[in-house]
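First comes the structure, then the notes that go with it.
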Amino acid sequence: MDTLYIYNTLSRKKEKFEPITPGFVGIYVCGPTVYDHSHVGHAKSYISFDVIVRYLRYLGYKVKYVQNLTDVGHLLGDSEEGEDKITKKARLEKLEPMEVAEFYARSYFEDMDILGNIRPDISPRASGHIIEQIDMIRMLIDKGLAYETGGNVYFDVRKFPEYGKLSGRKIEELEAGVRVEVAEDKKHPADFALWKKAAPEHLMKWNSPWGKGYPGWHIECSSMSTKYLGETFDIHGGGLENIFPHHECEIAQSEGTFDKPFVKYWMHNNMVTVDSVKMGKSLKNFITIKDAVKRYMPLAIRYFILMSHYRSSLDFSEKALDAATTGLKKIQNFMVRIQDAIASVDETSRQPILPLEKFENNFRAAMNDDFNTAQALAATFDIISEVNKILDDKKNQPGKSELQQLQGVMKKTLGDVLGLISREHAESKTSGEDFDHLMDVLLDVRSDLRKEKNFQIADKIRDGLGSIGVSIKDTPDGASWEKE
RNA sequence: GGCGACGUACCCAAGUGGCUAAGGGAGAGGUCUGCAAAACCUUUAUGCGGCGGUUCGAAUCCGCCCGUCGCCUCCA
C-alpha cells in the first residue's frame, strides 16, 4: 500500500497516515446547518472530503464516513435571547422548525448528489441524538469539567489545561479582545455552553436534567462522532473557520469525557472567495449550488474545485468557471475518443505503447501528498495529451485490450477517485439502444449526403442535432456523436 | 489587540532547497478539414510582492517592509 501523507492541523505538519486499526478508517466531517440552500463554498468543503474518502477507498481502506446534519438550530447574533437560525427561518416562512430543517436537508442532499458526491455512510441528525448529548454533558458535570447554573451548563475551560492546543490559542489571551458580550453566569469568559435554557417562546427545546432547553453549539459533534466512530477515531474534517472555537471545544468535551485522544488527524479545507473575500451568508456574496448548476455543468464546478488544493483558498469567478467548463470538456472528449477507438480498433496483440503505468504512478504520488488534486489533474492532462498524440499517429495504434486497460485506469482515477466522469462518459455515450440505432441511421444518411457534397442538408442535420444537445464531430474515420 | 494564512504569466492554479518554474483557460500563428468541432504542433514568467541575509545553490529557509485575506460570534 502506498504511503499517504496528510497535513494535520494539530501538528501543523504533513504526517504519514497510519490508521488506528490497520485497513480501516473512521472519518467525521462537520456537516451543514440545514436552514438555507448550500452555496459554492459548501461545495468546496464537501467535494474535498468526498474525494478524500474516495481516495482512501481507492487505496483499499474500508472507510466509515460520518457527516452530521445540524438541525437543532443555534443562537443568532450575540443576544442570549436570540432566536436560533432554524426558528428564525421557520417564523419567516411560517413553517414548523422541523419542516424547515427537513426541507433544507433534502436540498442539501440534492445538491451533493448533483455535484457527484457519494453520500456519507451515516448522516446523523443532532435532533435525533439529544439523549446522547445529555449523557455526555452529565458525564462532564460528574467529572467536574462542567457546571450548571440556572438551567445553563457550561464547560469549565480552566479545568482542561490542553484547551487551545488545536488553534494555538491560550485561555488567558481569550479574555482580551473578545467581541462578544460575556454571559454573566460564566465562571470564565472562554467557558462555552453545553446546554442552554430555553426561553418560553423558544420552539426547539427538549427536557433535560437541567430543565427545558437545547444543546450547545459543539456537543453534537462530540457525541455523534464518538458514538459512531469510537472514542478515538482517525480523521475529523471541516472548514478551517471551525478550528476555533468549534473543533477546539469538541476536543475539550470529548477528551474530557473519555480521557483519551479524540482524533488522530485533523483536516481543514480552505474557503471559496469572491474577489478574494470569503464567500458567505453574511456578506451576501454567495452563489447557491442550485443557481450555479443552472449556469455551469455540475461537474465543471467539481473540476473547478479540484483544480486547487483543498487547503488553498479558491477564487470564484465567471472566467474561472468558464475555463473549468472547457477543461472538463477536454476530459470528456477524451473519454469519448477512447470509447470510439475501442469500438473501431480490431483486436490485435500489439506491444503496449500507452504510458499507463507512468500516469498511475504520477496520479498516486500527487494524491499521496496530502490529496493534491491539482497535481493529479495535471498528471491526467499529461496522459490525455500523450494518448491523443498516439491516436493521431495512424502508423502506430494501440491494441484494443490496451485501450480497454486505459479506459479502466481512467475510470478508476478520474472516475472513482475524482468523480469527474459522468455515467454517460464512463460506460458509453449512449442513452438507450433505440437512441443509438436512431443516431446510426441518421449519421449514415448524413454521411451519404456529404459524399454527394450536399453540405447544406448535412449541416442542417448537424445543427438540428446540436440544438437538442447532440454534438457531431466529423473525423477521418467517420462521424462521432456525443450527447450533452 | 491575539492567533493564522496568502502574494507564481493576461486569468485560474501546482510547486516549499538543486534538471530547461506543472497543468488548465485565454491570446497569436500553423497542421488537418467542404465548413464546423475535436485533436496535434509552435508561441506567451532569465523570473515567482519588495529589499536584505543564510547557502556552492532559494519561488522555496531567515529577517524586515508592502499588500490581501481568514479566525477570535453561528459559519464549509
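Just so it is clear, the model here is predicted, and its values are computed rather than measured. Letters A, B, ... are given to chains in the order of the sequence lines, protein chains preceding strands, and every chain is numbered from 1.
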Which part of the nucleic acid does [X] contact within heavy-atom distance under 4.0 Å: base, sugar-phosphate only, or nothing?
{"X": "A:Gly41", "value": "base"}
{"X": "A:Ser385", "value": "sugar-phosphate"}
{"X": "A:Lys330", "value": "sugar-phosphate"}
{"X": "A:Val29", "value": "nothing"}
{"X": "A:Lys278", "value": "base"}
{"X": "A:Lys319", "value": "sugar-phosphate"}
{"X": "A:Asp459", "value": "base"}
{"X": "A:Ser48", "value": "nothing"}
{"X": "A:Ser308", "value": "sugar-phosphate"}
{"X": "A:Ile472", "value": "base"}
{"X": "A:His268", "value": "nothing"}
{"X": "A:Phe244", "value": "sugar-phosphate"}
{"X": "A:Asn269", "value": "base"}
{"X": "A:Tyr303", "value": "sugar-phosphate"}

If you count every heavy atom of other residues, nucleotides or ligands that lies below 6.0 Å from A:Asp392 atom CG, does the total exceed 12?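 Yes, the 6.0 Å shell around CG holds more than 12 heavy atoms from other groups.
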
Whole-Å distance between [N] [atom2] and [X] [atom1]?
{"X": "A:Met271", "N": "B:rA5", "atom1": "CE", "atom2": "P", "result": "13 Å"}
{"X": "A:Asp191", "N": "B:rC72", "atom1": "CG", "atom2": "P", "result": "18 Å"}
{"X": "A:Lys395", "N": "B:rC40", "atom1": "NZ", "atom2": "C1'", "result": "13 Å"}
{"X": "A:Glu248", "N": "B:rC3", "atom1": "CD", "atom2": "C1'", "result": "11 Å"}
{"X": "A:Ile338", "N": "B:rA38", "atom1": "CD1", "atom2": "P", "result": "18 Å"}
{"X": "A:Leu306", "N": "B:rA14", "atom1": "CG", "atom2": "P", "result": "12 Å"}
{"X": "A:Tyr7", "N": "B:rG4", "atom1": "OH", "atom2": "P", "result": "11 Å"}
{"X": "A:Leu240", "N": "B:rC69", "atom1": "CG", "atom2": "C1'", "result": "11 Å"}

Here's a test of your reading of the structure: between A:Glu386 and A:Lys473, which maps to the more 5' nucleotide of RNA chain B?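 Between the two, 5'-proximity favours A:Lys473.
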
Both A:Gln375 and A:Asn270 contact RNA chain B. Which one's nearest nucleotide lies toward the 5' end? A:Gln375

Counter-base of [N], judged by Watson-Crick or G-U geometry with both distances under 3.5 Å:
{"N": "B:rC40", "result": "B:rG30"}
{"N": "B:rC75", "result": "none"}
{"N": "B:rG4", "result": "B:rC69"}
{"N": "B:rG63", "result": "B:rC51"}
{"N": "B:rC56", "result": "B:rG18"}
{"N": "B:rC10", "result": "B:rG25"}

For [Y], is there an ion pair with [X] - N to carboxylate O distance below 4.0 angstrom?
{"X": "A:Glu110", "Y": "A:Arg106", "answer": "no"}
{"X": "A:Arg119", "Y": "A:Asp113", "answer": "yes"}
{"X": "A:Arg54", "Y": "A:Asp50", "answer": "yes"}

Of the candidate nucleotides [options], which contains the atom at the shortest distance from the side chain of [X]?
{"X": "A:Asp474", "options": "B:rG25, B:rA36, B:rC75", "answer": "B:rA36"}
{"X": "A:Ala374", "options": "B:rA22, B:rA76, B:rC75", "answer": "B:rA22"}
{"X": "A:Arg169", "options": "B:rA39, B:rG2, B:rA22", "answer": "B:rG2"}
{"X": "A:Asn388", "options": "B:rA39, B:rA76, B:rG15", "answer": "B:rA39"}
{"X": "A:Asn333", "options": "B:rC12, B:rA39, B:rC71", "answer": "B:rA39"}

Separation between the [atom1] atoms of [N] and [M], rounded to whole Å:
{"N": "B:rA21", "M": "B:rC62", "atom1": "P", "result": "23 Å"}
{"N": "B:rA58", "M": "B:rC66", "atom1": "P", "result": "26 Å"}
{"N": "B:rG18", "M": "B:rU55", "atom1": "C1'", "result": "12 Å"}
{"N": "B:rU46", "M": "B:rU8", "atom1": "P", "result": "15 Å"}
{"N": "B:rG47", "M": "B:rC10", "atom1": "P", "result": "13 Å"}
{"N": "B:rA22", "M": "B:rA59", "atom1": "P", "result": "14 Å"}
{"N": "B:rC51", "M": "B:rA5", "atom1": "P", "result": "25 Å"}
{"N": "B:rA13", "M": "B:rC56", "atom1": "P", "result": "37 Å"}

Can you measure from CG (A:Asp370) to CE (A:Met267) and round to the nearest 0.5 angstrom? 5.5 Å

Does any N or O donor sit under 3.5 Å from an N or O acceptor when you compare the side chain of [X] with the base of [N]?
{"X": "A:Arg12", "N": "B:rG4", "result": "no"}
{"X": "A:Asn242", "N": "B:rC75", "result": "no"}
{"X": "A:Arg462", "N": "B:rC35", "result": "yes"}
{"X": "A:Asp322", "N": "B:rG25", "result": "no"}

Near-parallel close stack of A:Phe455 and B:rG34 base (under 5.5 Å, under 30°):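 Given the distance and angle limits, yes, they stack.
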
Is the positively charged end of A:Lys281 above the ring of A:Tyr35, judged by distance under 6.0 angstrom from the centroid and angle within 45° of the axis? yes

Side-chain touch A:Leu10/A:Val263, heavy atoms, less than 4.5 angstrom: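 With C-beta onward as the side chain, the pair stays apart.
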
Please examine the side chains of A:Glu15 and A:Ile6, heavy atoms only from C-beta on, and report whether any two atoms are closer than 4.5 Å. no

Between A:His236 and A:Tyr265, is the ring-ring contact (aromatic ring centres under 6.0 Å, His included) condition met? List the steps. CA-CA 6 Å; A:His236 189 130; A:Tyr265 304 93; over 10 Å; no

For B:rA14, does either OP1 or OP2 sit under 4.0 Å from a side-chain N or O belonging to A:Ser312? yes

Shortest non-hydrogen contact from A:Asp369 to A:Lys14? OD1-NZ, 2.8 Å

